[in-house]
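A, B, ... follow the sequence lines: proteins, then strands. Residue 1 opens every chain.
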There are 2 protein chains.
Amino acid sequence: MNLKELAAHLGLSQTTVSRALNGYPEVSEATRTRVREAAERLEYRPNAAARRLATGRTGTVAIIFPSERSLLLDPHFLDFLAGVAEKLADDDVELTLRATRRNDELETYRRLVRNRRVDGFIVSSPLIEDERVRLLSDLDVPFVLHGRTDTQAPYAYLDIDNEGAFRRATELLVDLGHRRIGLLNGKRELNFARDREAGYLAALAAHGIAPDPGLIVNAAMTEEIGYRNASALLARPQRPTALLAASVLLAFGAYRAARDLGLVIGKDVSVIAHDDGLPFLKAETLDPPLATTVSPIRAGGYRLAELLLARINGNPPEDLREVAPVDLVFRASIGRMLT
Amino acid sequence: MNLKELAAHLGLSQTTVSRALNGYPEVSEATRTRVREAAERLEYRPNAAARRLATGRTGTVAIIFPSERSLLLDPHFLDFLAGVAEKLADDDVELTLRATRRNDELETYRRLVRNRRVDGFIVSSPLIEDERVRLLSDLDVPFVLHGRTDTQAPYAYLDIDNEGAFRRATELLVDLGHRRIGLLNGKRELNFARDREAGYLAALAAHGIAPDPGLIVNAAMTEEIGYRNASALLARPQRPTALLAASVLLAFGAYRAARDLGLVIGKDVSVIAHDDGLPFLKAETLDPPLATTVSPIRAGGYRLAELLLARINGNPPEDLREVAPVDLVFRASIGRMLT
DNA sequence: ATCTTCTACCAAAGCGCTTTGAAAATTTGA
DNA sequence: TCAAATTTTCAAAGCGCTTTGGTAGAAGAT
């Protein structure tokens with residue numbers, strides 16, 4: 001059943017039927033209803049390819065991920081993806097996922113744009129300086145960033161308040177008497193890692209505590225790395241009394257490290273982490289329950305997709321910028337410093 | 001730059017240019033080279049929508065995942081996805097990801113087929129009885145299963161030798177003197193879980209050991225659930241001396257449970273797990289290193305995509321069935337049973 | 001030299017939709 | 001009542017490709 005047949009069936013022109021279905025005003029309500037009902041009854045579905053060809057719009061957005069980079073290592077990404085996919089499915093927009101080899105990333109963006117394969121992009125894990133933002137901005141194609149960047153270009157984004165979250169978490173630890181606080185952070189080039197460090201440093205500065213660079217670690221966010229780096233920090237002669245971790249996975253490694261050293265978490269060493277709300281690794285079920293700053297990444301994906309659709313529909317990037325607040329959840333993994 | 005312009009530029013007809021680029025024989029080698037070079041130089045890229053409309057093929061395959069089901073909980077899925085995406089990117093085939101709400105799953109398949117949105121599907125985590133297989137087979141649309149199912153229908157698949165892997169792992173434990181072996185398995189309705197149990201039971205039977213149903217647990221594969229169920233098993237009066245886990249994540253939970261009870265892994269209790277090769281949680285870096293049956297799920301995704309493309313190109317499902325072997329890696333988490 | 005087969009190319013139709021420009025039908029104004 | 005304005009509908013063009021059904025020209029057969 002295609003447009004032509006449907007129109008013939010109704011004794012109308014294709015024009016009228018098309019307009020009736022697409023909500024154009026120059027169709028009487030009577031015919032519109034008649035057309036809608038017939039379309040429903042006959043299960044008419046417009047051919048996507050034909051529509052794309054005619055309109056130039058693809059009804060598709062893409063996420064490009066480099067095979068070799070950390071996205072793949074990162075369970076957070078899947079949860080984020082789930083949120084994105086949910087919103088897009090709601091609006092019947094297609095989500096295409098594209099893997100690229102090491103150095104093809106920018107070229108892949110360029111190709112998809114040139115071939116008119118997509119209406120827009122979701123760009124995740126932005127770097128402090130991010131070429132993708134510059135490129136997409138130059139190409140003048142809609143995109144939304146999951147996070148922010150220093151790269152100068154007008155772009156839409158959804159970020160969480162990384163700086164605020166880590167400032168408050170650090171302040172909490174300081175208020176509990178901690179002075180040597182280790183920071184297990186994400187990779188240095190990632191924007192969110194920088195913001196989190198900034199929050200941490202701001203809180204220390206506000207309390208007149210001199211930061212110790214040796215207490216700050218930048219690395220990938222896996223359990224193993226958390227274990228290794230926490231072990232190293234806790235083995236220092238002047239052992240930190242608290243650890244601030246950029247993900248539950250890192251904290252999980254830190255728990256293991258502390259246990260290995262016979263340290264009791266929440267007593268000998270306090271641990272607090274940022275929790276992206278991963279469904280398979282829950283902070284509250286760890287032993288002891290892990291205090292966190294929390295902002296569900298899946299909900300972020302959903303909202304981000306909304307922003308992208310708005311961007312595609314012509315809203316300017318300036319109107320599509322959001323910073324989600326972050327909650328601080330106190331649990332037994334942190335405690336007053338023993339004197 | 002479109003076909004028409006390219007043809008005009010070359011002084012050829014669109015027909016000839018199209019044929020030259022698509023490798024049809026009725027073009028002289030001389031012109032073909034000339035056309036190819038010009039296309040390259042002028043950066044001609046065929047419009048995907050137009051091609052789809054003309055050919056009826058979309059150059060797209062889809063993976064549908066239910067928002068509420070366990071795929072999302074499952075980091076294995078992301079790694080699998082990465083493998084699929086890599087192969088598809090190599091062949092410039094688009095991968096679309098589609099989320100569905102609770103009961104829309106089958107309807108979503110139907111819609112995508114009816115709207116001619118995709119050339120084929122990848123179906124993951126098959127159930128023992130799987131309606132999707134029946135539906136897609138009835139709709140006569142290409143698809144490949146990641147795993148197998150009891151549902152009667154001719155289908156292509158890539159599976160790993162779950163039965164063999166768990167049979168050998170169990171045999172190894174038996175050989176080391178273990179008699180009470182706990183099985184931390186995936187959810188009961190999943191086909192691979194059934195196969196793994198079958199392997200486990202076969203090994204016990206081969207050594208004349210009566211299986212204890214109380215030692216078999218079916219549940220989701222998360223760290224927390226591994227912890228809970230392993231705790232329960234290890235608290236039994238007749239404590240199992242070995243645990244066989246369906247994923248590293250489960251084993252990870254089991255490690256925690258054992259430690260809580262003051263048991264030394266590899267001595268008081270042996271642990272072996274199936275390892276899908278997740279990059280962020282490595283069996284070999286656990287303490288003690290975790291013995292595993294291993295089959296990288298990412299490579300599986302890549303191969304599966306190859307099979308699907310072959311299926312789309314008309315190969316019959318019967319020719320597209322593979323069972324990948326599984327390696328058994330001995331590490332310190334297993335040891336001879338103490339007498 | 002004529003007729004038949006290939007080879008290498010082409011014009012035009014068609015895929016199923018949207019959209020332009022115009023016509024028909026209806027309502028409004030005086 | 002008739003022209004003007006408005007509403008509703010339509011025919012046809014166009015999106016950029018593939019593919020059908022050709023036609024020239026070269027090669028081979030007689």
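- Taking atom CZ of residue A:Arg45 and atom P of nucleotide C:dC17, one finds them 13 Å apart after rounding to whole Å.
- The CG atom of A:Leu97 lies 10.0 Å from the CG atom of B:Leu88; values are rounded to the nearest 0.5 Å.
- The distance between atom CD of A:Glu26 and atom C1' of C:dT19, rounded to the nearest whole Å, is 10 Å.
- At whole-Å resolution of the value, CD in B:Glu29 and P in C:dC9 are 11 Å apart.
- For the atom pair OG of B:Ser124 and CZ of B:Arg132, the computed distance is 6.5 Å after rounding to the nearest 0.5 Å.
- Nearest to the side-chain atoms of A:Ala54 among the listed nucleotides C:dC10, C:dC17, D:dC17 stands C:dC17.
- For the pair A:Asn22 and C:dT18, the criterion of a side-chain N or O lying under 4.0 Å from OP1 or OP2 is met.
- Remark: A:Ser18 is not in phosphate contact with C:dT19, judged by side-chain N or O atoms under 4.0 Å from OP1 or OP2.
- Rounded to a whole Å, the CG atom of A:Leu3 is 19 Å from the P atom of D:dC15.
- Residue B:Thr15 is classed as a base contact, given a heavy-atom separation below 4.0 Å to a base.
- Between B:Arg32 and B:Ala50, it is B:Arg32 whose nearest contact on DNA chain C lies nearer the 5' terminus.
- OP1 or OP2 of C:dC9 has not a single side-chain nitrogen or oxygen of B:Tyr24 nearer than 4.0 Å.
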Chi angles and distances behind the side-chain contact (heavy atoms from CB on, under 4.5 Å) call for A:Glu322, A:Glu306
CA-CA 12 Å; A:Glu322 292 184 10; A:Glu306 289 183 335; over 6 Å; no

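- D:dC15 atom P lies 13 Å from atom CZ of A:Arg116, rounded to whole Å.
- Atom P of nucleotide C:dC17 and atom CG of B:Leu53 are separated by 9 Å, given to the nearest angstrom.
- Atom CG of B:Asn47 and atom C1' of C:dC17 are 14 Å apart (whole Å).
- Of the candidate nucleotides D:dC17, C:dC9, D:dT9, C:dC9 has the atom nearest to the side chain of B:Thr16.
- Between A:Glu131 and A:Arg134 there is no salt bridge, since no side-chain nitrogen of the basic residue lies less than 4.0 Å from a carboxylate oxygen of the acidic one.
- Rounded to whole Å, atom P of C:dT18 lies 12 Å from atom CG of A:Asn2.
- Each of A:Asp159, A:Asn191, A:Asp130 was compared with A:Arg148 under the side-chain hydrogen bond (donor to acceptor under 3.5 Å, both in side chains) criterion, and only A:Asp159 meets it.
- Among the nucleotides D:dT8, C:dT18, C:dG16, the one closest to any side-chain atom of A:Gln14 is C:dT18.
- Using a 4.0 Å heavy-atom cutoff across all strands shown, B:Arg19 reaches at least one base atom of the nucleic acid.
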